[in-house]
There are 2 protein chains.
Amino acid sequence: MKELNDPDLLEHYLGAYEIESIFNEDLRPYLALYRYDHGELICSQGDPYDYLYVLVKGKLKIFTTSPEGKTLILSFKTPLDVVGDIEYVQNTEIINTVEAVSEVHMIAVHHRYLKKFASDHTPLLKFLLDVITQKFYVKSSSLSFNLLYPVEVRFASYLLSVCFDESDALYSGKLSTGALIDAANLIGTSYRHLNRVIQHLSQEGLVERHKGFIVVKDRNGLSKLANHKNIYE
Amino acid sequence: MKELNDPDLLEHYLGAYEIESIFNEDLRPYLALYRYDHGELICSQGDPYDYLYVLVKGKLKIFTTSPEGKTLILSFKTPLDVVGDIEYVQNTEIINTVEAVSEVHMIAVHHRYLKKFASDHTPLLKFLLDVITQKFYVKSSSLSFNLLYPVEVRFASYLLSVCFDESDALYSGKLSTGALIDAANLIGTSYRHLNRVIQHLSQEGLVERHKGFIVVKDRNGLSKLANHKNIYE
DNA sequence: TATTTTTTAGGACATATGTCCTTCCCAACA
DNA sequence: TGTTGGGAAGGACATATGTCCTAAAAAATA
């Protein structure tokens, strides 16, 4: 982790995402911009709560580790998103572990100053409300989807979400082999089983295995299989 | 559904739950108190969004129905809780179906007046923020729990939550047979499988089957099985 | 009381998923 | 060039769970 002492860049992000109003004047001096590299942890579950972060560049992975040591990926995040919002409101320790997947820039504010200067700041409250309701909605859909459908369907949905994201270099309907472990953890199954499912999808002609990656062959077929739902957006 | 024209009762609820400050003076004339009887629907998924409700008496069941016709119970709610908060913030149609399990009293406000008189009312915003973060937290735990543990563990946790609720007539560690279908839908499994699990728990001496209900025999054992987690609170 | 309907428990079988382990392949390296 | 180590795919087997159907019991009804 490295603090970027670059007020212009900070300004730029605030402007680009139209979030100037969220942080009022009193708060501005306490905004910091941090950079994290691939693989770095921003915070870990159980840590005491310190900062509210706003993700303005890069990609984050949010996951939890069970007492038995299993990893469950809860989501991937891209700008604009917020980390530590639930903890800020509830005043609890960090719930999940957050890791940088790529180079990441985050605006950070210590909760001390948030409480002091912005606990009644309407734009911030509204912003948080908006972000958190969205999170809730996604989580709720995700829960239903996971309980109601088997891995094959979930993976189809996942593939559609991940492989056709324009903002990503690998939007071309491909998924690197290495990403399969993450995929398995995200949809809550084992790597072994995911392989089985891929084999099946492959027999159906929906995807194809190549060296180093798999590629979507029949986007419509997958979409049909996934009930036209993209819950991993 | 019936509107209760009882300003005193309304006042009583506002006082009892300390939520007077949430609804400011402008809003007060537009607060209504509704009564629903067992089995009545408050709203159904897909309905246009109209009211924000505050549950002040009774018990609600929140569920969703999949395109395939499967029912998944998302939660049971008791006072103090809010219905329609997510929809209000996101301005979307009703997400889930809400049904009264017992006689229910709810304070209702049309979103028209909320937007008009309270869209910047800090106490309301904070209240919503608090309620929704709690919902998110519960939902998030629930998702992890469901993906990480088998039905046996989930049911153990469910039993502990439901059977030992002091405010309920059946707190004595019993669960009526009829409630098993709901239980199955809540933890996202089939009635058939739940029966299998109960049989197993019964062999282990953790619960016992009686005519018309099952009863918890070894609360500690169940708690251990459930990893000491009560996610259905 | 006899008959029908509903509720409840479980049998039989198929599918979904997990765990452990092995094999194969390719790249890094001695 | 041969060796080694790690990643990737999948075999074998056990467990978890779903679907469909049946049997027993209880409740409702004729």
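Small disclaimer: the values here were computed from a predicted structure and weren't measured. A note on names: the letters A, B, ... follow the listed sequences, proteins ahead of strands, and every chain is numbered from 1.
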Holding to ring pair (Phe, Tyr, Trp, His ring centres under 6.0 Å), I want the full list of residues that pass it with [X], two or more places apart in sequence or in another chain.
X	answer
B/Phe145	B/Tyr149
A/His200	none
A/Tyr13	A/His105

Discussion item. Closest-nucleotide mapping onto DNA chain C: is A/Gly188 or B/Ile214 further toward the 5' terminus? I mean the 5' end.
Written reply: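 Comparing both residues, the 5'-ward one is B/Ile214.
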
Does some side-chain heavy atom of [Y] sit less than 4.5 Å from a side-chain heavy atom of [X]?
X	Y	answer
A/Tyr36	A/Leu60	no
B/Ile198	B/Leu180	yes
B/Glu40	B/Val104	no

N/O-N/O pairs, protein side and nucleotides 22-28 of chain D side, under 3.5 Å:
residue: D/dA26; atom: OP1; partner: B/Lys211; partner atom: NZ; Å: 3.1

Worksheet item: Which pairs pass salt bridge (charged side-chain N to carboxylate O under 4.0 Å, His left out) with one or both residues in residues 72-85 of chain B, sequence neighbours excluded?
Response: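 Residue pairs with at least one partner in residues 72-85 of chain B: B/Lys77-B/Asp81, B/Asp85-B/Lys135.
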
Check side-chain contact (heavy atoms from CB on, under 4.5 Å) between [X] and all other residues, then give those that pass, not counting sequence neighbours.
X	value
B/His38	none
A/Ala179	A/Leu175, A/Ser176
A/Glu93	none

Worksheet item: Short question: side chain of A/Gln45, backbone of A/Thr65 - any donor-acceptor pair under 3.5 Å?
Response: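 Judged by distance alone, yes, a pair lies under 3.5 Å.
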
Worksheet item: Taking DNA chain C as the partner, which of residues 190-197 of chain A come within under 4.0 angstrom of it by heavy atom?
Response: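 Result for residues 190-197 of chain A: A/Ser190, A/Arg192, A/His193, A/Arg196, sorted by number.
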
Worksheet item: Contact class for B/Gly212 (heavy atom, under 4.0 Å): base, sugar-phosphate, or nothing?
Response: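 Touches nothing.
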
Fill in: Contact list for DNA chain D against residues 140-159 of chain B - heavy-atom distance below 4.0 Å
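Correct list: B/Pro150, B/Val151, B/Arg154.
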
Worksheet entry | With B/Asp6 via salt bridge (charged side-chain N to carboxylate O under 4.0 Å, His left out) - residues at least two apart |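 So B/Asp6 forms no salt bridge (charged side-chain N to carboxylate O under 4.0 Å, His left out) with any residue.
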
Practice prompt. Would you give the length of the straight line joining atom OG of A/Ser141 to atom CD1 of B/Ile95, rounded to the nearest 0.5 angstrom?
Written response: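 Result: 7.5 Å between the selected atoms.
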
Discussion item. At a heavy-atom distance below 4.0 Å, which nucleotide of DNA chain C is the first touched by chain B, and which is the last?
Written reply: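 It runs C/dT8 to C/dA12.
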
